[in-house]
Amino acid sequence: MQDETILEIKDLNICFEMREGTVNAVNGVNFSVKPGEVLGIVGESGSGKSLSARSIMNLLPRNATVTNGSVKFRKTDGEVIDILAEKRESRKMRELRGGHVGMIFQEPMTALSPVHSIGKQIMTTLSLHTDLSKKAQVERAADLLAMVQMPKPMEMLKKYPHQLSGGMRQRAMIAMALSCNPSLLLADEPTTALDVTTEAQILDLIMSLQDELNMAVIFITHNFGVVAEIADRVSVMYLGNAVETAAVDDIFYNPKHPYTRALLQSIPRLDGQKRHRLQTIEGMVPDPFNLPTGCVFHTRCAEKMAGKCTSQIPELTHFENDQMARCHLHQA
Amino acid sequence: MAGYIAHRLLWSIPTLIVITIATFVIIQLPPGDYVTAYIAELVETGEVIDAETAAHIRHEFGLDRPMYEQFLTWIGGILLHGDFGLSLDWKLPVSELIWDRIGLTLLISMLSLLMTWVIAIPIGVYSATRQYSFLDHLFTVLGFLGRGIPDFLLALVLMWMGFLYFNFHVGGLFSPAYENAPWSFAKFIDLLSHLWVPVLVLSTGGAAGLLRIMRANMLEELGKPYVETAYAQGLSERQVVWRYPVRVALNPFISTVGWALPALISGDVITAVVLNLPTTGPLLLRSLQNQDMYLAGGFILILSVFTIIGTLLSDILLVLTDPRIRHS
Amino acid sequence: MSEQTLSDTAVEPAAEVKENSSYTAKPLTLMWWRFKKHKLALWSLGVIILLYLVAAFAGFLAPYDPFKHNRLHPFVPPQSIHLFSEDGTFQGPFVYGLKRQRDPETARLSFEEDTSKINRIRFFVEGDKYKFWGLVPTKLRLFGVEGRRNRIYILGTDKLGRDLFSRLVYGARVTLSVGLIGVFFSFVIGITLGSLAGLIGGTIDTVIQRMAELVRSIPTIPLWLGLAAALPVNWDPILVYLLITVILALIGWTNLARVVRGHFMTIRNQDFVLAARLSGATKTRIVTRHMLPSMTSYVIAAISLAIPEMILGETALSFLGLGLRPPVISWGVLLQDAQNLRSIALAPWLLIPGVAIVVTILAFNFLGDGLRDAADPYQK
C-alpha cells in the first residue's frame, strides 16, 4: 500500500450464491483514494458499485462472499487495517465504522431509524466512538446540525425523521456520518432520491464540508453530471468491472474505454452541437448468471475486435497521469 | 396527546353502556328465569313447589318486575353502591363471590401475557436473525403445533401426562391443605407451584401466534435501510438488533395487548373448567346453566370492563412508543 | 441496491414462458400458481379434502351404527390390526378376539387380546342399516370382521360400548360442517358490513367500526357461554346446531369485515376504480364487477383462517356442555367423555377426537397461511 493513500482496493472479487446459480457481482476491481480526494464511482445499477463500497465497511449481504482481493484502510494514526481479513463484528471493524469511515445512503426516508429522534441517533454514534459526556454530546450534536445548515439545531435534535423533509433528513444523515470526524466518507447515491434543487444543495454541502474537514470522499452515483461537478478522480464500472479509472478531466476529455465513450455520448448536451437523437448503447446488460466470455462489454461494444475481445479478458492498461483502462484496444 | 387519551376515554363510555345492556339482555334471553330452573331442579329430586311459592320467590328476587326496571335497579346498585345484586343460586351477595375469583383470573391472564412475551420475543428475534437455521425450523414446527392445539385439550393432555409419568395431580390452584387457609407466605408458594400449569397452557397458543408475527416483522425490519445505517454507525449486531428493529417490530405487539387480554380471559374460563381452578370459569359456567343472572352478569360485566381498560391502555402505550403515531 | 437488481434480471429468463400467460391470467389463476409452490399448504388442502370426504361418506366408512350400545364391550381399548398370526403364518389383515376379564378387587372390566381367536377383516360387508345421504337405505359398509358376534374396534369404545371410530367419523359431519356454515354466516355479515363501511365511510363506517370493536372487546368464551346458555335444553338438536353456528358467526364476523373494509379503503382511490367511474360505470357495477373481484383472493384467505376458529368454538362449547348435546355427535361432544382425569386415565383413547381436532385445525391454518401468501398475485 502506497504511503499517501488512505484506502486501497485490490483485485476485489465478490460473488453471490443464489438458488439460480452463482453471480459474480464484482470482478477484479482496483482503486485507491488519497486523503482529501473525491473519488466518483459511476455505473448502471447492478454494476457492483454499491457492493464495492459496502466491502469497505465489511457490511456485505450475508449471501455474498469475497473470493479474492484485499481492501486496506489507513487510519489517521498510520495503522493499516486489512478490512477483509477482519471479522464482520470485530472491535476494529466497529471502531472503523462510524469512527473513521462515515457512510450516507440513498434513501433518507428509510435510512434513519423511525423510532428515535435525530439527536438520539447522532448521540448514539458519539457515545460509541468518543468519551464525551452526555451534555457534551448534546452540544456536539447541535453543532453538527448547525454545520449541515439545519435551522434551529437545538429544536431539530428532538425531531423524528418523519417530521422532516427529504433534504433535511439527508442533512441529518450527513451530520450523523460526520459526527466523529471520519477521514473517509462513503456516499452511496445520496442525492438520487431527492429533487433537483435539493440535490444541488446537498452536493454543495458535501463539497464544502469536504473542503472544510479535508476528508476523502467516495461518491457513488449513476449520474455523470454529478461526478463532473464534485469528483477529482472517477472510476467507471460495468458489470462488476472497473473498466476505466482516471482524473475527472481525462475521463471527460480523453476517455480510453469504449464504454466510457458510449456513456458520455448518451448525455444530453446544451453546447450547440445539434444532434437529432441521443445516442444509446446498443443491446442489453447481459444476464449476470451468464457473463460474457472475454471482455464483459464486448456484446455491446462498437469497437469490438472479433476473436480477441470475445475470448480474452483484457489486462489493466496504465496510461500517463494515473489513468487506467481494461480494454484490448490499448494493448500491444 | 392528552386530547387523544381524553378522546379514547370518552369513547369507552358508550362502549361500556352498550356492553352492560348487552350483558343483561344475554342473561335474560333464555326462556323462563331462575325460578323455572330452580323448580326444574327440585322436581328432579322429587320435591314439588306450588305456583304460589314460585310467585313468592319471584317477587322476593324482583323477577316479576319489568325488565327495564330490573336492569335499572341492577346497574343503579352497581354504580351507586358497588352492589352487584344477590346470587340467586348461592343466596349470597355477588360481590362476595366474584372478586377473589376475578382477581385470580386476572392474575393468571397477566402472567400468561407476560409469559407469552417472554417466550415469543426472544425466539422470534432469534428465528429472524438466524433464518433457516436448525433452531428456526424447530421453533417454527413447535409454533405451528402450539397454534393448532386448543387450550382445553392441552390442559387435558398435561393433566394426563402429569398423572401418568409423575403421579402429580395437575389441577386446582392450591393444595388441599391451603385451600381454605388464610393468605400466608406458604400459601403463596403453594399457589406458585400450581400456577405454572394454567399459565403454560394459556401462553402456548398466544406465544405461537406472536412468535410468527414477531419473526415476520423482524425479517421485514432487518431488511430496511436504517438497519444498515445502524451497522455503519459502528453498533454491534446485538445492539443493532435490539435497539432498532425489535423496537419497531414490537409495535404490533403493543397494539394487540388489548385483543390478547379478552382471548386470555376466554382461555382462562375454559381451562379453569378442565383444571378445576378456583377462577371465574367454573362459577360462570354454573351460573349460566342455572340462570343465576346477577352472578353471570357480574362476571361478564367485570371481565368486559377489564378488557376495555386493557384495550385503552394498549392504545395509549402504542402512542407513547411509536413517535410516528404520536405526532400524526 | 445491486443485489436486488441482480436477482430481478436473473429471474426474468426462467419465468419468461409463464410471464406471457400471466399477463392475461385472472387473479384466481395467479393465486393458484403461487399457492402450488407452497408444499405444506398443498398437503393441507389434500388433508382437508380427505376429511370432508370422510364426513360425506360417514355411513359407508363407519363399520357400526354410532348410536348402538354394546353392554358387553365398555371401554375396549383400540385393537391393533395384524397380518401374521402368532405362529407366523400369513392370515391377511385381522384382529384378535376379545378376552373379558374382571379385576377381582376393583371389579373393573378389562379386555385383552385372545390370540386363539382370529377375526379376519372383510371389505364391503353387510353391517348395521343406515341411509346413504339420508336417502338410500343400505347395509353396505366399507369393512367389518367375520362372524356375526365379532366386533372390530380400531379406536376402542366408550363407556356404553359404542365404537369410537364410527362415532368419530359421524362426528366429523357436524364439526366440519359447523365450520363451513358458521363461516358462511359470518361471511355474509362481514362482507355486507365491511363493504358498507369501506364504501360509504363517514358515520356508517364509524358505527360499524365501533360495533366490531365492541364485539371484539368482550371476551369470546363468556359471550359464547352466555348466548349458548340461552338455548333451551329441550330444543330440536338441528335447531340448536343452526343457532350455535349463528352465535359463532355473530362473534366471528369482525375479522372478515376488517379485511374487506381495509381493502375497500385502499382500492377506492386506485386508478382502475377511477377508470371505471370515468367510463361511466354505475356504482353497483363498480362495486360488484371491479372492486369485489379484486379482493376475492384476500377474502378466500380470510375465510380459510376463520373456519378453524369456528371449529374450535363449536368444540369448546360442546366440550363444556353448552353447545351441542348428545345424542348429537360432534368431536366436542365426544371429548365430553374425556373431561376428567379419571376417565382419561382409564381410557386414554377417548382423547383421540382431540387429535382429529388438532389435525383439522393445523390443516386449515396451513392452508390459510398458504392462501394468504398467495393472495397478492402481483406482489413479488
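Here is the naming used below: chain letters follow the sequence lines, and residue numbers restart at 1 for every chain.
- Counting all heavy atoms, side chain and backbone alike, A232(B) lies closest to M103(A) at CB-CB, 4.1 Å.
- Residues Y226(B) and S113(A) share a closest heavy-atom pair of CB-N, 3.8 Å.
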request  = I would like to know whether E228(B) and M57(A) meet side chain to side chain contact (heavy atoms under 4.5 Å, CB included); could you show each step before the answer?
outcome  = CA-CA 10 Å; E228(B) 200 172 20; M57(A) 288 292 224; over 6 Å; no
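- Under the 3.5 Å distance criterion, the side-chain polar atoms of E89(A) are matched with a main-chain donor or acceptor of E237(B).
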inquiry  = Does Q239(B) form a side chain to side chain contact (heavy atoms under 4.5 Å, CB included) with L128(A)? I'd like the steps, not just the answer.
reply    = CA-CA 11 Å; Q239(B) 288 169 319; L128(A) 282 169; 4.2 Å; yes
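- Rounding to the nearest 0.5 Å places OG of S236(B) at 11.5 Å from CZ of R88(A).
- A pairwise comparison of heavy atoms in T110(A) and P225(B) identifies OG1-CG, 3.2 Å as the closest pair.
- For chain B, the nearby part of R62(A) is the side chain; its heavy atoms alone come within less than 4.5 Å.
- Without hydrogens or angle criteria, Q233(B) side chain to M176(A) main chain gives no donor-acceptor distance under 3.5 Å.
- Counting heavy-atom neighbours within 6.0 Å of D131(A) CG, excluding the residue itself, gives a total of 12 or less.
- Of the two parts of L112(A), only the backbone, made up of N, CA, C and O, holds a non-hydrogen atom closer than 4.5 Å to a non-hydrogen atom of chain B.
- Closest of all the heavy-atom pairs between T124(A) and R243(B) is CG2-NH1, 3.2 Å.
- Scanning both residues, Y231(B) and R97(A), for their nearest heavy atoms gives O-CD, 3.1 Å.
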